[in-house]
Amino acid sequence: MEFTMIPIKRLFLSVTTSAALLAGGVTAEARDFRLGLITPPPHIWTQAANDFATELNEKSDGEHRVSVFPAQQLGNEAQMVQQLQTGALDMAFLTIAEMSNRVPDFGALYTPYLVEDIDQAAALLRSDAASKLLDQLPGGVGVVGIGYGMAGMRQVLSRESVDGPVDLEGKKLRITPFEPIRDFYNVVGAAPTPLPLPGVYDALANGQVDAIDMDFDSILILKFYERADNLLISNHMMFPMVGVVSGRVWRQLSDEDKSLIQTTMKTHLDSVIDRFQAQEKDQERQLRELNINISEADRSMFSEAIESWESIWSEKAPALDSLRQAAGELKGS
Ligand code: BEZ
């Protein structure tokens with residue numbers, strides 16, 4: 001006869017779980033969670049997801065495991081959000097893009113030149129105004145927002161030389177698929193072409209797009225500069241990420257597990273912000289040292305586009321006021 005060894009703590013938990021369920025309560029239960037994200041294995045977001053998985057396993061004495069699925073293995077972000085809504089997926093690290101498609105207030109985080117640099121972006125994402133937005137996620141998307149991470153400030157990398165926004169007119173310009181950035185490039189006069197991150201290298205290589213909206217880190221680690229060697233350093237937008245847990249899954253968790261997941265995931269999301277902040281200047285230097293053409297643009301060169309963008313989004317995203325105020329305080333400080 002074969003015996004299957006069940007760890008004592010798991011056995012104990014399953015007995016206490018059954019007892020608590022009979023009594024109508026929710027108690028700790030060993031779980032195998034799945035966490036999805038679109039970034040490839042070397043990306044900081046994926047590293048943070050793996051570190052979170054390791055730490056949650058350790059802190060729960062081996063009870064909870066998290067399998068991380070990077071590089072869109074579970075589908076694109078829209079598909080992952082659907083899986084989170086049904087509870088088929090437990091957790092995800094998502095760009096705010098997909099949130100803003102469902103809760104337009106999140107679009108305010110993509111206001112062009114809302115912040116001047118990565119330090120202000122980090123501080124704004126840690127502000128009460130940004131945290132308050134997360135309260136809309138359970139009702140609006142069916143997920144619980146644990147906290148923000150981010151990628152670097154947005155720049156434009158192009159196959160042909162670009163000295164400023166006028167040179168982008170009519171260009172097929174790759175964007176992450178979401179409305180605020182689509183509207184931004186529409187008012188700039190470009191032809192925004194939505195394309196998720198994993199398809200970008202090939203699209204540049206085969207000429208499907210003329211230019212891409214991207215951050216220093218991805219340009220370097222995914223080697224986009226091999227396919228387009230003109231960089232317009234514009235810092236025109238920040239690029240937040242959010243760590244979420246499925247609302248359905250969340251309701252099944254004990255208070256103890258909720259708190260453990262919340263504090264552990266938050267730590268690793270914070271470390272993503274710290275790492276991007278710490279490396280931004282050095283990555284700019286690395287790109288400047290490559291054999292590529294660099295030009296620079298600032299807010300004044302986009303002023304008409306910003307005015308048009310704000311006329312669309314100040315109505316769609318009322319949170320723009322409180323975020324602008326919080327950002328203004330950071331600029332004054
Ligand atoms: C992008 O779509 O450009 C992107 C997504 C996730 C991380 C970095 C960049």
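Nothing here was measured: the structure is a model prediction, and the numbers come from that model.
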Chemist: Could you go through the side-chain contact (heavy atoms from CB on, under 4.5 Å) check for Phe106 and Leu137 one step at a time?
Modeler: CA-CA 10 Å; Phe106 277 92; Leu137 287 179; 3.7 Å; yes
Chemist: Partners of Phe33 by ring-ring contact (aromatic ring centres under 6.0 Å, His included), sequence neighbours excluded?
Modeler: His64
Chemist: Verify the distance criterion only: is there a donor paired with an acceptor across the side chains of Asp282 and Gln286 at less than 3.5 Å?
Modeler: yes
Chemist: Phe69 vs Leu35, test: side-chain contact (heavy atoms from CB on, under 4.5 Å). Steps then yes/no.
Modeler: CA-CA 6 Å; Phe69 295 88; Leu35 186 155; over 6 Å; no
Chemist: Any pair with a residue in residues 83-95 that passes side chain to side chain donor-acceptor pair (under 3.5 Å), sequence neighbours left out, goes on the list, sorted by first then second residue, please.
Modeler: Glu77-Thr95
Chemist: Do Asn293 and Leu231 come close enough that some side-chain heavy atom pair is under 4.5 Å?
Modeler: no
Chemist: Which atoms form the tightest heavy-atom contact between Ser311 and Ser314, and what is the distance?
Modeler: O-OG, 4.2 Å
Chemist: When you compare the side chain of Leu260 with that of Ser60, does any pair of heavy atoms fall below 4.5 Å?
Modeler: yes
Chemist: Within this structure, what is the CZ-CD1 distance for the pair Phe216 and Ile233, rounded to the nearest 0.5 Å?
Modeler: 4.5 Å
Chemist: For residues 196-205, run the donor-acceptor check on the side chains, cut-off 3.5 Å, and write out each pair with its distance to 0.1 Å, sequence neighbours left out.
Modeler:
{"residue": "Tyr201", "atom": "OH", "partner": "Glu226", "partner atom": "OE1", "Å": "2.6"}
{"residue": "Tyr201", "atom": "OH", "partner": "Arg227", "partner atom": "NE", "Å": "3.2"}

Chemist: Does Thr54 reach the main-chain N or O of Asn50 with its side chain, forming a donor-acceptor pair under 3.5 Å?
Modeler: yes
Chemist: Do Val187 and Ile306 pass the side-chain contact (heavy atoms from CB on, under 4.5 Å) test, and can you show the C-alpha distance, the side-chain angles, and the key distance before you say yes or no?
Modeler: CA-CA 8 Å; Val187 293; Ile306 294 172; over 6 Å; no
Chemist: Where do Pro112 and Phe184 come nearest, in terms of heavy atoms and distance?
Modeler: CG-CD1, 3.5 Å
Chemist: Verify the cluster assignment for Leu56 and Val249: are they in a single hydrophobic cluster under the rule of side-chain heavy atoms below 4.5 Å apart?
Modeler: yes
Chemist: Gln120: what forms a side chain to side chain donor-acceptor pair (under 3.5 Å) with it, not counting sequence neighbours?
Modeler: Glu116
Chemist: Sort and list the pairs that fulfil side chain to side chain donor-acceptor pair (under 3.5 Å) and have at least one residue in residues 140-153, not counting sequence neighbours.
Modeler: none
Chemist: Other residues, nucleotides and ligands only: do more than 12 of their heavy atoms fall within 6.0 Å of CD on Gln73?
Modeler: yes
Chemist: Any chain of hydrophobic side-chain contacts (each under 4.5 Å) joining Leu290 to Ile212?
Modeler: yes
Chemist: Hey, does Glu98 have a side-chain heavy atom less than 4.5 Å from the side chain of Arg102?
Modeler: yes
Chemist: Are the side chains of Thr39 and Gln72 in touch, meaning some heavy atoms are under 4.5 Å apart?
Modeler: no
Chemist: I need the Met153 CE to Met214 CE distance, nearest 0.5 Å.
Modeler: 15.0 Å
Chemist: Around atom CD of Gln79, are there more than 12 heavy atoms of other residues, nucleotides or ligands at under 6.0 Å?
Modeler: yes
Chemist: What's the verdict on side chain to side chain donor-acceptor pair (under 3.5 Å) for Asp217 and Gln279, showing C-alpha distance, side-chain angles and the deciding distance?
Modeler: CA-CA 8 Å; Asp217 180 69; Gln279 72 180 20; 2.9 Å; yes
Chemist: Rounded to the nearest 0.5 Å, how far does CD1 of Ile96 lie from CG of Leu133?
Modeler: 8.0 Å
Chemist: Taking the side chain as everything from C-beta on, heavy atoms only, tell me whether Phe52 gets closer than 4.5 Å to Val66.
Modeler: yes
Chemist: Taking the side chain from Thr193 and the backbone from Ile175, do they hold a donor-acceptor pair closer than 3.5 Å?
Modeler: no
Chemist: Looking at residues at least two apart in the chain, or sitting in another chain, which of them share a salt bridge (Lys or Arg N to Asp or Glu O under 4.0 Å) with Arg288?
Modeler: Glu284, Glu296
Chemist: Test Glu160 against Asn230 for side chain to side chain donor-acceptor pair (under 3.5 Å), laying out the working first.
Modeler: CA-CA 6 Å; Glu160 284 174 17; Asn230 298 278; over 6 Å; no
Chemist: Sequence neighbours excluded and cut-off under 3.5 Å, please list the side-chain donor-acceptor pairs for residues 235-245, or say none.
Modeler:
{"residue": "Asn235", "atom": "OD1", "partner": "Gln155", "partner atom": "NE2", "Å": "2.7"}
{"residue": "His236", "atom": "ND1", "partner": "Arg154", "partner atom": "O", "Å": "3.3"}
{"residue": "His236", "atom": "ND1", "partner": "Ser234", "partner atom": "OG", "Å": "2.7"}
{"residue": "His236", "atom": "NE2", "partner": "Tyr185", "partner atom": "OH", "Å": "3.1"}
{"residue": "His236", "atom": "NE2", "partner": "Asp213", "partner atom": "OD2", "Å": "2.8"}

Chemist: Answer whether the closest heavy-atom distance between the side chains of Thr111 and Leu320 falls below 4.5 Å.
Modeler: yes
Chemist: OG/Ser308 to CZ/Phe302 distance, rounded to the nearest 0.5 angstrom?
Modeler: 13.0 Å
Chemist: Just how far is it from atom OG of Ser218 to atom CG of Leu157, taken to the nearest 0.5 Å?
Modeler: 11.0 Å
Chemist: Any heavy-atom pair between the side chains of Leu168 and Leu173 that's under 4.5 Å?
Modeler: yes
Chemist: Less than 4.0 Å between a side-chain N and a carboxylate O, is that true for Lys132 and Asp135?
Modeler: no
Chemist: Using a 3.5 Å cut-off and no angle test, enumerate the donor-acceptor pairs between side-chain atoms of residues 123-131 and protein atoms at least two apart in sequence or in another chain.
Modeler:
{"residue": "Arg126", "atom": "NH2", "partner": "Asp270", "partner atom": "O", "Å": "3.3"}
{"residue": "Arg126", "atom": "NH2", "partner": "Asp274", "partner atom": "OD1", "Å": "3.0"}
{"residue": "Ser127", "atom": "OG", "partner": "Leu124", "partner atom": "O", "Å": "2.6"}
{"residue": "Ser127", "atom": "OG", "partner": "Ala130", "partner atom": "N", "Å": "3.3"}
{"residue": "Ser131", "atom": "OG", "partner": "Ser127", "partner atom": "O", "Å": "3.1"}

Chemist: Identify, with sequence neighbours excluded, every residue that meets side chain to side chain donor-acceptor pair (under 3.5 Å) alongside Arg324.
Modeler: Glu310
Chemist: Thr176: which residues meet the side chain to side chain donor-acceptor pair (under 3.5 Å) condition with it, sequence neighbours left out?
Modeler: Arg174
Chemist: Go through it in stages, so that I can follow the logic: the residues are Val272 and Arg275, the test is side-chain contact (heavy atoms from CB on, under 4.5 Å), and I'd like the CA-CA distance, side-chain angles, deciding distance and then a yes or no.
Modeler: CA-CA 5 Å; Val272 168; Arg275 286 185 68 183; 5.9 Å; no
Chemist: Tell me, do Val81 and Val143 make a side-chain contact under 4.5 Å, heavy atoms counted?
Modeler: no
Chemist: Show your working on side chain to side chain donor-acceptor pair (under 3.5 Å) between Gln325 and Asp321 and close with a plain yes or no.
Modeler: CA-CA 6 Å; Gln325 194 181 333; Asp321 283 344; over 6 Å; no
Chemist: For Phe178, check ring-ring contact (aromatic ring centres under 6.0 Å, His included) against everything at least two apart and list the hits.
Modeler: Tyr110
Chemist: Tell me every residue that passes side chain to side chain donor-acceptor pair (under 3.5 Å) with Glu307, counting only those two or more places apart in sequence or in another chain.
Modeler: none
Chemist: I would like to know whether Lys172 and Asp210 meet salt bridge (Lys or Arg N to Asp or Glu O under 4.0 Å); could you show each step before the answer?
Modeler: CA-CA 5 Å; Lys172 276 184 284 165; Asp210 304 310; 5.0 Å; no
Chemist: Using 0.5 Å steps for rounding, measure from the CZ atom of Phe93 to the CD1 atom of Ile44.
Modeler: 12.5 Å
Chemist: Relative to each other, are the rings of Trp309 and Trp313 parallel, tilted or perpendicular (30° and 60° limits)?
Modeler: parallel
Chemist: Quick check: does any side chain N or O of Lys171 sit under 3.5 Å from a backbone N or O of Asp167, one acting as donor and the other as acceptor?
Modeler: yes
